[in-house]
Participant: 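This is the structure I have questions about; it appears just below.
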Amino acid sequence: MKFYVLTLFPEMIIDALSNSIVGRAMDKGQIELIPVNIRDYTLDKHKKVDDYPYGGGAGMVMQAQPIYDAYQHICEEAGHKVHCVYLTPQGRTFQQKIAHEYALMEDVCLLCGHYEGIDERVLEEIVDDYISIGDYVLTGGELGAMVLIDAISRLVPGVLHNDDSASTESFEQGLLEYPQYSRPETWNNRKVPAILLSGDHAKVDQWRHEKSLERTLERRPDLLESYELTEADKKYLKELDNCN
Ligand code: ADE
């Protein structure tokens, strides 16, 4: 999968994503990261990419021309209209299910804004989706783009070593993931739950499922509203409720 990133800070994207799992996926050619510096496309002799807002007001607005030309260059290189996402607090909130939608695509272009925003006309011309990474305002779209690239890349087939690990984790089943333990069996006087050492896979699965329910109830009860509880789940949650 190819990620084109339209940005004024291309080195920020490369530096942050060259390590760990995403870096390895790039080395293996499973994903490709192509930052495109918007400033390289300005026709202004001083390399300016922003100007004052019409109608007045604080801050500067990123101009349409350099963004449009940089995007056209990307589409020419790709040989088709590349799906374009503008990172903005005004977008739909990014979620695991959106990461899955995007992981199916061949390529995507992530547009990062700065200053007070981008001239609306170029957004109308090129943007296919508006995505926010949460209800807060960042200084630019780059961190949002990196969040999307990280979350989407790990769903691209082959990127994670163990294919199971993506399907059991938080959000994939609509619940938060159960707690995990590794060696040693006792650390700081704390023991690993005995059931995990029993070798009884059915019991381990049941224990993990119950812990997922318990944790979701405690930390993200809103998720339970859209999760289809079995009769056994309901009974377990009721027991938990009686204990509290
Ligand atoms: N740019 C500024 N704030 C943002 C946010 N919350 N999500 C995505 N892009 C942004």
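As the structure lists them, so they are numbered: ligands from 1, and atoms in each ligand from 1. Side chains are part of it too, since the values below use all heavy atoms of this structure and drop only hydrogens, waters and symmetry mates.
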Participant: Quick one: does Ile133 get an N or O within less than 3.5 Å of an N or O on ligand 1?
Facilitator: yes
Participant: Can you report which non-hydrogen protein atom sits closest to atom 3 (N) of ligand 1, along with the distance?
Facilitator: Leu138 N, 3.0 Å
Participant: List ligand 1 atoms under 4.0 Å from Ser132, heavy atoms only on the residue side.
Facilitator: 6 (N), 7 (N), 8 (C)
Participant: Using a strict cut-off of less than 4.0 Å between a Lys/Arg side-chain nitrogen and an Asp/Glu carboxylate oxygen, indicate whether Arg215 and Glu218 qualify as a salt bridge.
Facilitator: no
Participant: Given that the side chain starts at C-beta and the backbone is N, CA, C, O, which of these parts of Asp135 lies under 4.0 Å from ligand 1, counting heavy atoms, or is it both or neither?
Facilitator: neither
Participant: Check for me whether Cys112 has a heavy atom closer than 4.0 Å to any atom of ligand 1.
Facilitator: no
Participant: Taking the six-membered ring for Trp, are His209 and Tyr227 parallel (under 30°), tilted (30 to 60°) or perpendicular (over 60°)?
Facilitator: tilted
Participant: Is the closest N or O pair between Gly144 and ligand 1 shorter than 3.5 Å?
Facilitator: no
Participant: Under 4.0 Å from any heavy atom of Gly134, which atoms of ligand 1 are there?
Facilitator: 6 (N)
Participant: What protein heavy atom sits nearest atom 6 (N) of ligand 1, and how far off is it?
Facilitator: Tyr136 O, 2.8 Å
Participant: Check Glu124 with Arg121, please: is the shortest side-chain N to carboxylate O separation under 4.0 Å?
Facilitator: no
Participant: If I take atom CG from residue Asp107 and atom NE2 from residue His80, how far apart are they, to the nearest 0.5 angstrom?
Facilitator: 3.5 Å
Participant: Closer than 4.0 Å to some heavy atom of Ile131 - which atoms of ligand 1 meet that?
Facilitator: 8 (C)
Participant: What distance separates Asp128 CG from Leu123 CG, expressed to the nearest 0.5 Å?
Facilitator: 11.5 Å
Participant: Let me see the working for Arg39 and Phe9 under side chain to side chain contact (heavy atoms under 4.5 Å, CB included), right down to the final yes or no.
Facilitator: CA-CA 9 Å; Arg39 203 176 294 281; Phe9 302 98; over 6 Å; no
Participant: What protein heavy atom sits nearest atom 4 (C) of ligand 1, and how far off is it?
Facilitator: Pro89 CD, 3.5 Å
Participant: Look up atom CG in Leu196 and atom NZ in Lys191, then write down how far apart they are to the nearest 0.5 Å.
Facilitator: 14.0 Å
